[in-house]
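Quick notes on the structure that follows.
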2 protein chains.
Amino acid sequence: MKWDALEEEPCSLARTVAVIGDRWSLLILRECFLRIRRFDDFQASLGITRHLLADRLKKLVRFGVLRKIPYQEAPKRYEYILTQKGLDLYPIIMSIVHWGNIHMVDARGRPLLHEHKSCGKMFDPVMVCSECGEPLSAKHVHVHPGPGARRSSPVHASARERTKRAAEQG
Amino acid sequence: MKWDALEEEPCSLARTVAVIGDRWSLLILRECFLRIRRFDDFQASLGITRHLLADRLKKLVRFGVLRKIPYQEAPKRYEYILTQKGLDLYPIIMSIVHWGNIHMVDARGRPLLHEHKSCGKMFDPVMVCSECGEPLSAKHVHVHPGPGARRSSPVHASARERTKRAAEQG
DNA sequence: ACCATAAGTTCTATTTTAGAACTGTCAATA
DNA sequence: TATTGACAGTTCTAAAATAGAACTTATGGT
């Protein structure tokens, strides 16, 4: 599968992975949320090669996640700032950071703590249902095909189904 | 930067990216949450090459996200199922799907709808503060160094700071 | 004239991925 | 007995992506 093919998949996860599913894009976005805006600052704090950084910034601009804003005329210089579409990535970033906090920290503890200015406390992010407000777990969610589902998708026989069928016939 | 170096970074995001930050891992995990468990089923539904699939499954097992469970003795066959560590990735998956639902769908609409069995309604995931329950946005969060922060990190002068300093001196 | 800042671009070497074919084990079938 | 098919990989070569360093362009300061 080619990289570009992901954007066309009838799957919201695949399409998002087309935007952020590589080594560097998420790290660049982390820096954006930490108020980094300029080419050399991204490069210095990430250690990414300049080539890749230029490429990724271009991609994120193309997807409308970042916007180039001029801050100097001669020579023309730009800052990269998050659009609303980019700001909306915050729950993804936070859920990734939270999983790392729980499952990937070493003995020294968390690298960062997060304070919610609204209530003044250190917090963890919690994902809840928009309708009833209860915390979500995979077990309590059922998936339905939506209007954009793949047309006429005859449920492809799985290896397990084939095994079962063979066992029943034998 | 090498792939393995990410795991060592004092950053929960970088360490999580070391696990899920490539083209395929998130798509494999999507299939896991949709109850796919076997090699050939992953291969058929994703179109991933068998080589890469074997490699990624090995990696996810090594990180403790998936576990191999034998389901047949002769010949020995295994299913790949999510561990608790893997199930905890659900908020990441859901926030990615939700962003795609909002920002990446075409005219036909969402490929999938999600029903919360607990309350019976179609829902969207919402990320809230664990302490006050209010929805989170980047604007209302302040970041502090935690116990695992990079030791003696003298805040690296950014390009902007250098520019400002030069301007003040000039 | 010389150096520094800033944001890239270009180059080669290395690593990763795509795509297809091949291997090994066992069960059922002809 | 020989053949076929299921299943989970491994091996191979060609193509693509990435790393790492040097180079370019435009400008301002000493």
Side-chain angles (χ1 to χ4, degrees), chain A residues 1-6 17-18 21-25 27-28 36-61 66 68-80 156-170, chain B residues 1-6 17-18 21-25 27-28 36-61 66 68-80 156-170:
Chain A
M1 185 189 288
K2 306 285 178 53
W3 231 164
D4 292 345
L6 273 182
V17 166
D22 69 274
R23 274 181 189 66
W24 289 112
S25 295
L27 292 166
I28 290 171
I36 298 292
R37 294 160 142 75
R38 298 189 185 177
F39 193 92
D40 277 18
D41 288 340
F42 285 112
Q43 206 273 320
S45 63
L46 290 173
I48 186 175
T49 64
R50 305 178 74 77
H51 181 97
L52 262 274
L53 177 58
D55 183 80
R56 290 298 184 273
L57 287 172
K58 209 168 285 178
K59 190 178 105 178
L60 291 170
V61 168
L66 297 180
K68 284 172 79 164
I69 304 288
Y71 70 88
Q72 174 181 297
E73 283 305 314
K76 200 93 171 180
R77 292 278 185 263
Y78 298 91
E79 291 185 322
Y80 294 88
H156 193 73
S158 72
R160 183 169 55 260
E161 285 158 350
R162 289 192 297 276
T163 299
K164 198 192 299 175
R165 194 181 308 137
E168 284 161 356
Q169 291 180 347
Chain B
M1 186 189 287
K2 305 286 176 54
W3 231 163
D4 293 346
L6 273 183
V17 166
D22 68 274
R23 275 179 189 68
W24 289 113
S25 295
L27 293 166
I28 291 171
I36 298 292
R37 296 160 141 76
R38 298 189 186 177
F39 193 92
D40 276 18
D41 288 340
F42 285 112
Q43 207 275 317
S45 64
L46 290 173
I48 185 176
T49 64
R50 306 178 74 77
H51 181 95
L52 263 274
L53 177 57
D55 184 80
R56 290 297 184 275
L57 288 173
K58 209 167 285 177
K59 189 177 106 178
L60 291 170
V61 168
L66 297 179
K68 283 172 79 165
I69 303 287
Y71 70 90
Q72 175 182 297
E73 283 304 316
K76 201 92 172 183
R77 292 279 185 264
Y78 297 91
E79 292 185 323
Y80 294 89
H156 193 75
S158 72
R160 186 171 50 261
E161 284 159 350
R162 289 193 298 277
T163 299
K164 197 193 300 176
R165 194 181 308 137
E168 284 163 356
Q169 292 179 348

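Letters A, B, ... are given to chains in the order of the sequence lines, protein chains preceding strands, and every chain is numbered from 1.
One interatomic measurement links the two molecules: CD of B/Gln72 to C1' of D/dA8, which rounds to 11 Å at whole-angstrom precision. Atom CD1 of B/Ile28 and atom P of D/dG9 are 12 Å apart (whole Å). A/Arg37 places its CZ atom 16 Å from the P atom of C/dA6, with the value rounded to the nearest Å. Atom-to-atom, CZ of A/Phe39 to P of C/dT5 comes out at 16 Å; the value is rounded to the nearest Å. Regarding A/Arg23, its CZ atom lies at a distance of 7 Å from the C1' atom of D/dT18, rounded to whole Å. Atom NZ in A/Lys76 sits about 14 Å away from atom P in C/dA7, given to the nearest Å. Rounded to whole Å, atom P of C/dA18 lies 12 Å from atom CD of B/Gln43. Distance, A/Ile48 CD1 to D/dA17 P: 15 Å, rounded to whole Å.
Nearest-nucleotide positions on DNA chain C place A/Tyr78 closer to the 5' end than the other of A/Tyr78 and A/His51. Looking at which nucleotide of DNA chain D each of A/Asp22 and A/Ala74 is closest to, the 5′-most match is held by A/Asp22.
Side-chain atoms of A/Val61 and A/Lys68, non-hydrogen and from C-beta on, do get closer than 4.5 Å to each other. Looking only at side-chain heavy atoms (C-beta outward), A/Arg77 and A/Pro70 stay at 4.5 Å or farther from each other. With contacts defined as side-chain heavy-atom distances shorter than 4.5 Å, the pair B/Asp40/B/Arg50 qualifies.
Between B/Tyr80 and D/dG9, a side-chain N or O to OP1/OP2 separation shorter than 4.0 Å is present. Taking 4.0 angstrom as the limit, B/Trp24 places none of its side-chain polar atoms (N or O) nearer than this to OP1 or OP2 of C/dT16. Residue A/Lys58 places at least one side-chain N or O closer than 4.0 Å to OP1 or OP2 of C/dT9.
Note that CH2 of A/Trp24 is 6.5 Å distant from CG of B/Leu6, once rounded to the nearest 0.5 Å. Rounded to the nearest 0.5 Å, atoms CG (B/Asp41) and CD (B/Glu79) are 9.0 Å apart. Going from atom CG of A/Leu53 over to atom NE2 of A/His51 covers 11.0 Å, rounded to the nearest 0.5 Å.
Residue contacts shown for B/Phe42 are absent, as no nucleic acid heavy atom lies under 4.0 Å away.
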> For DNA chain C, what dot-bracket results from Watson-Crick or G-U pairs at under 3.5 Å, with [ ] for crossers and | for inter-strand partners?
Replying inline: ||||||||||||||||||||||||||||||
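When the nucleotides C/dC26, D/dA17, C/dA21 are ranked by their closest atom to the side chain of B/Arg50, C/dA21 comes out on top. Here D/dG9 is the nucleotide among C/dA6, C/dT9, D/dG9 with the atom lying nearest to any side-chain atom of B/Lys68. Comparing C/dA7, D/dG20, D/dT18 by their nearest atom to the side chain of A/Arg56 picks out D/dT18. Closest to the side chain of A/Leu52, from the set C/dA7, C/dG19, D/dT18, is D/dT18. In this structure, the nucleotide among C/dA7, D/dT10, D/dA8 sitting nearest to the side chain of B/Tyr71 is D/dA8. For A/Pro75, the side-chain atoms get nearest to D/dT27 when compared with the rest of D/dT27, C/dA18, C/dC11.
A cation-pi arrangement, defined by a distance under 6.0 Å to the six-membered ring centre and an angle within 45 degrees of its axis, is present between B/Arg38 and B/Tyr71.
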>> Evaluate A/Ile69 against A/Arg37 for side-chain contact (heavy atoms from CB on, under 4.5 Å), listing each step before the verdict.
In response: CA-CA 10 Å; A/Ile69 304 288; A/Arg37 294 160 142 75; over 6 Å; no
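For A/Arg77 against C/dA6, a side-chain N or O and a base N or O form a donor-acceptor pair under 3.5 Å.
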